[in-house]
2 protein chains.
Amino acid sequence: MERTDTAGYDPRARRLNRRIVVRAALDLVDADGLEALSMRRLGQALGRDPMALYRHAASRKELLAGVVELVLEEVEVFPDDGTSWEEQLRRMAHELRRVCLLHPNVVPVIVTGPLSTPLGLRPAGTLKPLEQVLGLLIDAGFTPADALHVYRAFYGFLYGHILNELQELIADPEENEALLRLGLQRLPLRDFPHLRRMAPELLEYNGEQELDQGMSILLSGLSQQFAPAAAI
Amino acid sequence: MERTDTAGYDPRARRLNRRIVVRAALDLVDADGLEALSMRRLGQALGRDPMALYRHAASRKELLAGVVELVLEEVEVFPDDGTSWEEQLRRMAHELRRVCLLHPNVVPVIVTGPLSTPLGLRPAGTLKPLEQVLGLLIDAGFTPADALHVYRAFYGFLYGHILNELQELIADPEENEALLRLGLQRLPLRDFPHLRRMAPELLEYNGEQELDQGMSILLSGLSQQFAPAAAI
DNA sequence: CCTGTAGATCTACAGTGTAGACAAGAAGCG
DNA sequence: CGCTTCTTGTCTACACTGTAGATCTACAGG
């Protein structure tokens, strides 16, 4: 009944541990959104006193950080196959997008959370992708400084795209169409002439394709702006 | 004393209105962060009962939306001068960055807020930039569909950059250096060989330059991927 | 003057994060 | 086994939060 078994573990089974708590928190956020994650509700989901959670997470913020880490662990990190650095970046982008779409409610925390957590102090899991990309680029012949620039452009664009995509397709497409047209109708024609004609294009949004296209743009710009010194 | 006059209006002076309330909310967020914005504190800042605010903002969420709108109004929108669309996009990017850096605490809401607010229903102020960019690109010879793609790539990258920049320079640079080095030291050398050598590069971050460089990359990719049909 | 109405206030409720004291239970060791 | 120690869970309590609903106040138009 209620919300006792959010996943597979039945409550009171055995002692809590951090994994279980964070996992349950993620389930709760996935199911009911960020605001639904309160210590009391989470305690209830686990069949424990809310205060029990504090043995495994220092605070709500810290718990959320754990949730982010857990989500990022879902990102599959592929070994360096032989393909070009461009193709590898492209694949990593799609992979991160995939995971983010599985946990849309967590995305705001992912992109916004590490604010005010200085880079050096972040959990190792969060830094792993950075290291990987740097290695990839340096191996491809970039100087360390350029690799850093490329990394920033890459992740900047990627995060930006994911945010945009989540904004674009919230409601189900059915009522989305009506809503969009109605919304556009509301705009004064003289102030928004172009936007009002965009309804068909706005409805045909395809996130994967859009990301791929964006990546093409970015990568083509990248390899034009920074030519890697040695292509082996 | 306390926090009665956050700006220039003294409390009890005359009747409240939405402008005053939202303005005070922005001041509060700028000064003490997002979490400091509560109806009670805001009421106190204005010398009124907290409940009075509900006559001018339907809820805390709606109040925050007003704050975002207010910030975005600070973005100066330049008329179409003769320069190329690339230069105009570049200038708009710098302008948005400038405003966001003036209100870093609001940025999470800016990039995250419009989630779950379907495009058609957003306040006109938020849609103005979209319309402007579309017009600019279409005038430059892009098809509407391509203009939309370019817009998405542009704003995706821009938002991503701003988020990244805010993450990079939170603390004051003085203690940032020590902290960064200490943080990097903590990482195991075998897992993070590149990152650990990056300290000097990481310390020389220049957001404006980084954005400009990123824009160059993006724009160069853009004009290579989509050739505007007619350059007039 | 009186009255209608919009604005401001008061009270109250359900919910929040979490500090601090305490109990129950597992684990180590003789 | 008993005894101690440390970890984990529970309970109570406090200072907050957003906001619904009723009530009071002040100003508008007649």
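For clarity, every value in this text was computed on a predicted model and none was experimentally measured. Below, chains carry the letters A, B, ... as their sequence lines are ordered, and counting in each starts from 1.
Under the 3.5 Å distance criterion, with hydrogens and angles disregarded, no donor-acceptor pair is assigned to the side chains of B/His161 and B/Glu210.
Residue B/Arg90 holds its CZ atom at 8.5 Å from CG of B/Leu211, rounded to the nearest 0.5 Å. To the nearest 0.5 angstrom, B/Leu148 atom CG is 10.5 Å from A/Glu204 atom CD.
In this structure, A/Leu46 places its CG atom 14 Å from C1' of D/dT8, rounding to the nearest Å. D/dT7 atom C1' lies 17 Å from atom CZ of A/Arg18, rounded to whole Å. In this structure, A/Arg15 places its CZ atom 15 Å from P of D/dC6, rounding to the nearest Å. Computed from coordinates, the B/Arg48 CZ to C/dT9 P distance equals 6 Å when rounded to whole Å. Per the geometry, CG belonging to B/Leu16 stands 16 Å off C1' belonging to D/dC27, to the nearest Å.
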Can you give the donor-acceptor pairs under 3.5 Å from side chains of residues 91-100 of chain B to other protein atoms, not counting sequence neighbours?
unit_1, atom_1, unit_2, atom_2, d
B/Arg91, NH1, B/Asp81, OD2, 3.1
B/His94, NE2, B/Asp212, OD1, 2.6
B/Glu95, OE1, B/Arg98, NE, 3.1
B/Glu95, OE2, B/Glu76, N, 2.8
B/Glu95, OE2, B/Arg98, NH2, 2.8
B/Arg97, NE, B/Glu165, OE1, 2.8
B/Arg97, NE, B/Glu165, OE2, 3.3
B/Arg97, NH2, B/Glu165, OE2, 2.8

Given protein heavy atoms under 4.0 Å, the one-letter contact record of nucleotides 10-21 of chain C, with B base, S sugar-phosphate only and - none, is simply B-B---BBBBB-
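Nearest approach of B/Leu166 to B/Pro104, heavy atoms of both residues: CD2-CB, 3.9 Å.
The environment of B/Arg18 atom CZ is dense: over 12 non-hydrogen atoms of other residues, nucleotides or ligands sit within 6.0 angstrom.
Checking the phosphate oxygens (OP1, OP2) of D/dT7, no side-chain nitrogen or oxygen of A/His56 falls inside 4.0 Å.
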